[in-house]
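Both ligands and their constituent atoms are indexed starting at 1 by order of listing.
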Amino acid sequence: MNETTTTIANDTVVSIEYTLKDDAGEVLDSSDGGEPLSYLHGHGQIIPGLERELDGKSVGDELSLHIEAEDAYGPHDPERIVEVERSNFEFDVKEGDYVQAQHPDGSVIPFLVTEAGETTVTLDGNHPLAGKALNFDVKVVAVRDATEEERSHGHAH
Ligand SMILES: [Zn+2]
């Protein structure tokens, strides 16, 4: 293990600069002006389509990717939209608020309040980017082997 790792493979820590746009060209997220994003490759820490495209790439590589919703945050699931009684809330919920609520599978996730009526409130537990195709401009800026601790934790430090 004397050679320096520069190629992306499972259990490498990858740093990327990226700009994320929706299909209308609007910038949704970007590492511009901040730190590059670092993640542990092969552990599902980034969306599947991006992880798959980065596999085998090297420092300095630049990619322009179009990733369908299925390989990003998944389809928009209508079953994640629920209507609840306003009396469940101890505060005045408004449209656009996020509230923590328990999903039927037991996990506690943020729900977006999409409608706040007088007696009922509509909550959407989908990821904000669910159902959206994503366009990434990505540049690989660093690759290194993960430490043993990072491997056992399943994320980059
Ligand atoms: Zn850790």
Inset, instruction - Report, as yes or no, whether the 6.0 Å neighbourhood of atom CD on Gln100 holds more than 12 heavy atoms from other residues, nucleotides or ligands. - result: yes

Inset, instruction - Take atom CD of Glu83 as the centre, draw a 6.0 Å sphere, and report whether it contains more than 12 heavy atoms from other residues, nucleotides or ligands. - result: yes

Inset, instruction - Determine whether the aromatic ring centres of His157 and His155 lie less than 6.0 Å apart. - result: yes

Inset, instruction - Would you tell me whether Asp11 and His43 have side-chain atoms, one donor and one acceptor, within less than 3.5 Å of each other? - result: yes

Legend entry - Shell of protein N/O/S atoms around the Zn ion (ligand 1), taken as anything under 2.8 Å: His153 ND1, His155 NE2, His157 NE2

Inset, instruction - Determine whether Leu20 and Leu129 make a side-chain contact, defined as any pair of heavy atoms from C-beta on separated by less than 4.5 Å. - result: yes

Inset, instruction - Could you label the plane-to-plane angle of the Tyr18 and Phe136 rings as parallel, tilted or perpendicular, counting under 30° as parallel and over 60° as perpendicular? - result: tilted

